[in-house]
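We count residues from 1, following the sequence as given.
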Amino acid sequence: MVYRIYVGSYTNEISTLEFNPEAAALTLLSSLAVGHHPSWLTSLTSDPSVLFTGLEQSDGKIVVVKHDEKGHGTIVGTASSGGADPCTLLVKDDQLLIGNYSSGILQTISLSKDGSYLIPSSSVSLTFSGTGPNKDRQEASHPHHVFAHPDRAEVLVPDLGADKIWRLAKDESGTWTTAGFVQSKPGGGPRHVAIHNDVLYTLLELSSELTAHRFPPLPAEPTLIATVPTMSKFPGNPQQLGMLAAEILLPKPNRSFPSPYLYVSNRNDPSPEGDVIAIFSVEDPEKLVPVAEVRSGLKHLRGMQFGGSDDKYLVAGGAQGGGVKVFERVDGGKGLKGVASINLNAPTGFLWA
């Protein structure tokens, strides 16, 4: 089977790739200029050929792109993101939720069913606040991920600037409001999260650590279980080297890969072999057990995503070198094997069609 992968970037383009596992090949099908730094992609639930991206600029903008059967995209809608530097988007039911990094604002826009896709007049803003001890990176609130709880009517927003993961729920009017938060360690800088078996896993960008919390429903408070580094052995002090953790993924266990594993990307490793993807077993919900570290050959590994049959493949990109690579999960998910690559400039985010 041949797959298509959409790619966001730190250029002004969204690209469509074709991945052929039998030929071990990645091919560029098309590119579409949409504007400054379309780094994050999410799709319309009812029509995965329709993508939303945010342009990371001071007057943040949302662009809607529809792809045809050949993988060629056309811009079909735009709207304000409601803030500066929208770096994360989530389609939740009939709404698009947007995290504006530099202004600390979560913007919600209703989705239409008439082909215009966005209803800008429906926009609602939720402003976060908070600071942290890192004066360069935590001078204000910086929401970095909008994540829907897989089993509850709750949305989580890791705030790198405030050292909090905001817990959102809908009020009686149907508006998303702050219902609580998870406190992270001072200066940790929570970036992205994942959930499995009522455990919340948080990637701390600034301290290059991974935490686990028991995560009961609201209004109960979470309990910290474990904190571990995102690599077994750093080449030096990660803060002094400018190393930053970036992505955390926990593909749902399935018949091909029945055991749960966390996959974490590290950025800016000085090794010529590129950044490390670290793999942790979470079979025991009380522990984070490192099982493997894979050199990716990528520089500044910002984004990666699982796809294919039973999430067999992982696509990853080097925003500062190495292009795009596809890895195959091996040894039941405890390892990764590179199977295809392509030279593409500054890839940052991915969606499997």
Worked verdict on Ile195 versus Val193 for side-chain contact (heavy atoms from CB on, under 4.5 Å): CA-CA 7 Å; Ile195 289 178; Val193 296; 5.8 Å; no
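- A donor-acceptor contact closer than 3.5 angstrom is absent between the side chains of Glu18 and Thr27.
- Summarising the local packing, CG of Asn345 is surrounded by 12 or fewer heavy atoms from other residues, nucleotides or ligands at distances under 6.0 Å.
- Relative ring orientation between Trp166 and Phe128 is described as parallel, the plane-to-plane angle staying below 30° on a 0-90° scale split at 30° and 60°.
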CA sep, side-chain torsions, deciding dist, call: Leu203, Val264, side-chain contact (heavy atoms from CB on, under 4.5 Å): CA-CA 8 Å; Leu203 190 70; Val264 172; 3.4 Å; yes
From CA spacing to verdict: side-chain contact (heavy atoms from CB on, under 4.5 Å), Asp284, Val282: CA-CA 5 Å; Asp284 183 341; Val282 292; over 6 Å; no
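- Between Arg152 and Asp198 there is a salt bridge, with a side-chain nitrogen of the basic residue lying less than 4.0 Å from a carboxylate oxygen of the acidic one.
- We find the CZ-CG distance between Phe306 and Leu250 to be 9.0 Å, quoted to the nearest 0.5 Å.
- Within 6.0 Å of NZ in Lys92 there are more than 12 heavy atoms belonging to other residues, nucleotides or ligands.
- At a cut-off of 3.5 Å, with distance as the only test, no side-chain donor of Glu69 or His72 sits close to an acceptor on the other residue.
- A salt bridge links Glu286 to Arg214: at least one charged side-chain nitrogen sits closer than 4.0 Å to a carboxylate oxygen.
- Neither Leu29 nor Ile5 shares a network with the other; the hydrophobic side chains, linked directly or stepwise wherever heavy atoms of I, L, V, M, F, W or Y lie under 4.5 Å apart, form separate groups for each.
- Arg295 places a side-chain N or O within 3.5 Å of a backbone atom of Gly274 that can act as its donor or acceptor partner.
- Using modelled atom types, one finds no donor on one side chain facing an acceptor on the other under 3.5 Å when comparing Tyr261 with Arg329.
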Criterion side-chain hydrogen bond (donor to acceptor under 3.5 Å, both in side chains) on Thr108 and Gln95, from CA distance to verdict: CA-CA 7 Å; Thr108 303; Gln95 295 178 317; 5.3 Å; no
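- Scanning both residues, Leu26 and Val326, for their nearest heavy atoms gives CD1-CG2, 3.8 Å.
- Remark: the Ser31 side chain and the Ser15 side chain contain an N/O donor-acceptor pair separated by less than 3.5 Å.
- In the model, Thr11 has no side-chain atom that pairs as donor or acceptor with a side-chain atom of Glu13 under 3.5 Å.
- Looking at Asp163, its side chain never comes within 3.5 Å of a backbone N or O of Gly132 through a donor-acceptor pair.
- Minimum interatomic distance between Val199 and Ala212 (heavy atoms only, all atoms of both residues): CG1-CB, 4.0 Å.
- Inspection of the His300 and Asn268 side chains reveals an N or O donor paired with an N or O acceptor under 3.5 Å.
- Using a 4.0 Å cut-off between charged nitrogen and carboxylate oxygen, Asp47 and Lys66 count as a salt-bridge pair.
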Leu262/Ile279 under side-chain contact (heavy atoms from CB on, under 4.5 Å): CA gap, chis, key distance, verdict: CA-CA 6 Å; Leu262 271 173; Ile279 306 173; over 6 Å; no
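- Counted by atom type alone, Glu56 and Ser39 present one or more donor-acceptor pairs between their side chains at under 3.5 Å.
- Glu205 has a carboxylate O that lies under 4.0 Å from a charged side-chain N of Arg267, or vice versa, which qualifies the two as a salt bridge.
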Full working for side-chain hydrogen bond (donor to acceptor under 3.5 Å, both in side chains) between Asn266 and Thr230: CA-CA 7 Å; Asn266 295 273; Thr230 56; 2.6 Å; yes
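- Under a 4.5 Å side-chain heavy-atom cut-off, the cluster of Ile, Leu, Val, Met, Phe, Trp and Tyr residues that includes Ile62 is completed by Trp40, Leu44, Val50, Phe52, Val64, Val76, Leu89, Val91, Leu96, Ile98, Ile109, Leu111, Tyr117, Leu118.
- With respect to the salt-bridge test (charged N to carboxylate O, under 4.0 angstrom), the residues Arg302 and Glu247 do not qualify.
- Side-chain contact annotation: Ser271 with Asp269, donor-acceptor N/O pair under 3.5 Å absent.
- A side-chain N or O of Ser81 and one of Asn100 form a donor-acceptor pair less than 3.5 Å apart.
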Solution key, residues 308-324 side-chain donor-acceptor pairs under 3.5 Å, sequence neighbours excluded:
unit_1, atom_1, unit_2, atom_2, d
Asp310, OD2, Arg255, NE, 3.3
Asp310, OD2, Ser256, OG, 2.5

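- Contact record, Gly187 with Leu206: O-CB, 3.3 Å, taken as the closest heavy-atom pair.
- Side-chain contact annotation: Glu283 with Ser259, donor-acceptor N/O pair under 3.5 Å present.
- Judged by distance alone, the side chains of Ser232 and Glu293 do bring a donor and an acceptor atom under 3.5 Å apart.
- Side-chain contact between Asn254 and Lys252 is absent, with no heavy-atom pair separated by less than 4.5 Å.
- Of the options His145, His149, His144, a ring-ring contact (aromatic ring centres under 6.0 Å, His included) to Phe147 is made by His145 and by none of the others.
- The heavy-atom pair separating Ser58 from Asp85 by the smallest distance is N-OD1, 4.2 Å.
- Residues Ser141 and Asp159 bring a donor and an acceptor atom of their side chains to less than 3.5 Å of each other.
- In this structure, Lys334 places its NZ atom where only 12 or fewer heavy-atom neighbours from other residues, nucleotides or ligands lie under 6.0 Å away.
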